[in-house]
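Inspection log for the structure reproduced underneath, given as structure tokens.
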Amino acid sequence: MDSRYNYTQTEEQMYALWEKADAFNPDSAPEDLKTSKKHFSIIMPPPNANDPLHVGHAIFVTIEDIMIRYHRMLGDDTVWIPGTDHAGIETQFVFEKKLQKKKQSRFNFDRSTLYNMIWEYVQENSGIAVDQIKKLGASADWSRYKFTLDKDIVKTVLETFKQLHKDGLVYRDFRLVNYCTKCGTSYSELEVDHIDQVSPLYFVKYPLVEDPSEFIMVATVRPEPIFADTHLAVNPTDKKHNHLVGKKVLNPLTNEAMTIIADDYVDPEFGTGIVKITPAHDPNDFEIAKKHDLPIKIAINSKGKLTDIAGKFAGLNVASGRKAIVEELTQKGLIDHIDEKYQNRVGTCYRCKRVIEPLPLPQFFIKVQDETKNLVRDALASLDSGETTIHGAGREKILRHWLTNLKDWNISRQIVWGISIPVWYQVEDQEEHITIGFLDAEKKFVQEQLSVLLKTYKLEEIRAGIQSVLADASVPYQVSETQPKTGVWIQETDTFDTWFSSAQWPFVTLQNTIEGDFERFYPTSVMETGYDILPFWVMRMMLLGIYKTGKSPFSDVYLHGLVRDQKGQKMSKSKGNVINPIEVVEKYGADALRMALVIRSTPGQDKSVGEGDFKAMRNFANKIWNATRFVILNNQEQATSKAAIGDAAFYTKLSEVVTESSALLDKLQIGLAADYIYNEFWHWFCDICIEENKAAKLSNKAIIDGITTFIQLLHPFMPFVTETIWQELLEEKVVTTPLLITTPWPNK
RNA sequence: GGAAUGUUAGCUCAGUUGGUAGAGCAUUCGGCUUACAUCCGAAGGGUCAGGGGUUCGAGUCCCUUACAUUCCACCA
């Protein structure tokens with residue numbers, strides 16, 4: 001043995017050794033390991049199939065692998081199911097950037113061509129994430145690997161949708177949705193970031209019809225959709241203004257007459273106490289419009305351009321439209337004044353940072369609170385009963401808060417890269433209510449009402465180049481993967497929100513791996529992921545998991561913190577402080593990275609990690625290596641040994657260490673367990689026991705038992721160095737089981 | 001406006017049924033002692049944010065103040 005542990009040589013070999021022995025597969029577990037009747041299962045949070053790993057991935061791989069290796073050694077029937085995610089919007093976004101470089105956009109292609117291109121692209125890169133996860137030592141059962149777009153997975157996901165629809169929990173509705181005009185898709189409210197900003201607040205004058213020299217003043221930060229204003233509103237209890245109810249004003253841009261209505265949504269104290277109602281472009285106004293049955297006029301289209309009702313301004317985008325309209329209003333003398341320092345919050349796209357436009361679109365929603373099947377209520381109940389426990393500083397309260405305030409979930413996305421919503425719209429008699437965008441034979445984009453299109457094109461031509469179908473909310477539809485047998489139908493072009501399939505991940509994976517896996521491993525033991533996706537993922541897994549299986553998909557949720565740099569700052573590409581886990585693996589070894597990430601970490605709490613930590617843990621790996629070296633050399637020199645004076649106390653303490661380590665791991669106190677074992681190993685076993693052995697106060701047998709026990713305790717944390725050492729010990733005939741990974745956990 | 005979390009050694013953080021404060025890095029001193037200089041031995045350094053309370057006893061429980069971080073809501 002060299003005096004230094006060389007991880008670059010051994011890590012790959014050890015992983016190959018495990019794979020060769022099929023050690024990650026519970027169905028290949030050695031007989032002498034199957035001592036427990038318990039099952040232990042973790043579903044890996046699927047990373048984007050085509051993305052390289054960042055530290056966040058390294059954290060979850062490490063923590064989950066620690067749990068898995070521990071339970072495997074305990075003798076539990078243990079499985080860790082890996083997978084990757086198609087990551088709908090993320091991936092399409094990256095792909096579109098590549099198209100942009102070639103001066104192309106997604107609108108140059110029909111749906112199926114684009115889908116196939118992205119599929120190819122993902123295939124090319126799909127090995128990246130998996131390879132890197134292996135480099136970190138993940139003992140996941142790759143024979144059970146799943147991808148979110150695997151045929152069997154998709155089938156199960158669609159079944160859930162059909163069932164939800166049958167139960168009345170899916171509905172299609174014409175509503176204001178959060179739409180990003182750059183990404184070209186709607187989002188759920190969770191994907192919208194609200195950002196503080198200072199914007200000019202315009203005080204616009206609306207002339208009274210009965211006396212145009214009199215004006216009603218309304219404040220707005222968004223003058224550009226004034227074309228779509230339908231009414232003004234005041235609070236019915238507002239004595240200053242309620243005499244205006246029923247009177248009419250002129251729209252300052254269109255000169256159309258608008259009635260002033262009363263609604264208690266209006267805050268008399270705020271602004272001028274009078275609100276303009278723009279149903280199509282403000283969520284609150286939309287609600288009021290519904291309540292009072294007001295017409296909906298659309299001033300901004302899905303491309304972010306002003307529509308025809310903007311007259312000479314039609315075709316301008318929101319920003320330049322606003323400028324032009326403010327100019328126009330100023331000329332007309334209809335702008336009273338402007339508050340330049342008005343602070344407000346603007347919804348922006350989490351992905352591209354563009355301002356989100358609230359646009360009225362018919363979309364599919366999941367009803368989260370229903371009288372008979374109440375998804376939210378059931379999820380809360382599983383928290384109440386302790387069926388599911390959340391680990392992570394105060395996160396359970398946050399989850400409860402999310403659940404109690406949850407709105408219906410918009411699952412429609414206007415992108416190609418994803419699972420198609422299995423819905424078909426009736427074409428007959430509905431031609432005037434369906435708008436279609438497609439590429440004609442010359443690859444020219446055409447968008448028109450179907451009734452118009454059918455005068456020039458055959459339906460088959462349209463289908464071949466199809467990009468988007470926009471059916472009015474009134475158009476009848478059928479839920480089906482294939483075209484209904486009778487009649488003429490056209491398929492919905494929207495795909496599901498990626499999270500709709502991710503939310504089903506625990507059961508769709510187990511239902512499609514190996515016959516019997518679902519019964520054997522569901523509900524899973526632990527769901528381990530970052531606290532930042534608690535509402536996106538964990539909450540929704542509970543909603544759909546309970547709905548579909550009657551059981552919460554996991555009994556414990558371990559939410560790890562985010563990794564920060566050595567100064568405690570968030571990592572970001574622009575700061576240049578991003579840690580590339582693979583670089584760390586190459587420089588210090590995977591064991592060092594793993595240990596640095598988990599030691600003294602706490603669920604739900606961020607952890608700062610830097611070069612010094614990796615170095616320290618590399619040194620620790622070397623320490624383990626050298627302690628073993630001492631034991632082996634020592635053993636060779638003096639093969640026989642008698643019991644020594646310190647042995648009894650040593651064994652008592654050693655057993656204590658095993659008990660305590662196991663207790664900490666059982667309680668999911670991973671960071672504490674790592675710290676504890678680290679200290680006992682280095683500062684007790686190495687500093688004291690080995691020195692006592694040199695002084696003949698401790699027997700060689702005790703030292704051998706000590707090192708083998710510690711190697712076992714350390715294995716979940718630092719699998720490579722410990723397995724390497726085990727192989728050395730095996731050669732020396734100090735140990736007997738062929739692989740440490742499948743060696744039983746030490747007895748207490 | 002609401003909520004969560006944090007404030008412990010110079011730095012980054014542990015400290016989970018309340019019982020004489022810990023680790024890594026950094027600092028100082030001394031050591032190549034035949035497992036390890038990616039090491040060993042020793043040392044310095046904390047009134048555990050401030051205040052109040054419960055208790056025989058509080059970093060640990062309760063109240064309160066301040067500061068920090070994060071999340072949610074929000075209105076023209």
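Keep in mind that what you see is a predicted model, and the values were worked out from it rather than measured.
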Atom [atom1], compared across [N] and [M]: separation rounded to whole Å:
N	M	atom1	result
B:rG2	B:rG53	P	28 Å
B:rC36	B:rG6	P	44 Å
B:rU55	B:rC62	C1'	12 Å
B:rU27	B:rG46	C1'	16 Å
B:rG57	B:rU20	C1'	11 Å
B:rG45	B:rA23	P	15 Å
B:rA49	B:rU8	C1'	10 Å

By the 4.0 Å heavy-atom rule, please label [X] as base, sugar-phosphate, or nothing.
X	answer
A:N284	sugar-phosphate
A:E287	nothing
A:W402	sugar-phosphate
A:D687	sugar-phosphate
A:H683	sugar-phosphate

Using heavy atoms to find the nearest nucleotide of RNA chain B for A:N626 and A:M617 separately, return the residue whose nucleotide is more 5′. A:M617
Closer to the 5' end of RNA chain B via nearest nucleotide, is it A:S3 or A:Y531? A:S3
Can you tell me if the side-chain N/O atoms of [X] get under 4.0 Å from OP1 or OP2 in [N]?
X	N	result
A:W682	B:rC40	yes
A:H281	B:rA76	no
A:K623	B:rC40	yes
A:N619	B:rC39	yes

So what's B:rG22 paired with, Watson-Crick or G-U wobble, going by both distances under 3.5 Å? B:rC13
Going by the rule salt bridge (Lys or Arg N to Asp or Glu O under 4.0 Å), which residues pair with [X] if we only count those two or more places apart in sequence or in a different chain?
X	answer
A:E680	A:K653
A:K276	A:D229
A:D705	A:K701

Would you please name every residue forming a side-chain contact (heavy atoms from CB on, under 4.5 Å) with A:H54, sequence neighbours left out? A:H57
Using the test side-chain contact (heavy atoms from CB on, under 4.5 Å), find all partners of A:A280 that sit at least two apart in sequence or belong to another chain. A:I296, A:I298, A:P360
Going by the angle between their ring planes, with limits at 30° and 60°, are A:F203 and A:H337 parallel, tilted or perpendicular? parallel
Can you tell which of B:rA76, B:rC39, B:rC40 lies closest to the side chain of A:D267? B:rA76
Can you name the side-chain hydrogen bond (donor to acceptor under 3.5 Å, both in side chains) partners of A:E357, sequence neighbours left out? A:R222
Positions of residues 220-235 of chain A (non-hydrogen atom under 4.0 Å from RNA chain B), listed by number: A:T220, A:V221
Under the rule for ring pair (Phe, Tyr, Trp, His ring centres under 6.0 Å), what residues qualify as partners of A:F536, not counting sequence neighbours? A:W499
Is there a donor in the side chain of [X] and an acceptor in the side chain of [Y], or the other way round, less than 3.5 Å apart?
X	Y	value
A:Y5	A:T10	yes
A:D606	A:Y531	yes
A:D285	A:H281	no
A:T709	A:Q712	no

Look for any protein N or O under 3.5 Å of an N or O in nucleotides 66-68 of chain B and output each such pair with its distance, or none.
none

What salt bridge (charged side-chain N to carboxylate O under 4.0 Å, His left out) pairs are there with at least one residue in residues 720-733 of chain A, not counting sequence neighbours? none
In B/S/- notation, 5' to 3', how is nucleotides 5-18 of chain B contacted by protein heavy atoms closer than 4.0 Å? S------SSSSB--
Enumerate the protein-to-nucleotides 27-29 of chain B contacts in which both atoms are nitrogen or oxygen and the separation is below 3.5 Å.
none

Flag, side chain of A:N242 to backbone of A:V234, donor-acceptor distance under 3.5 Å: no
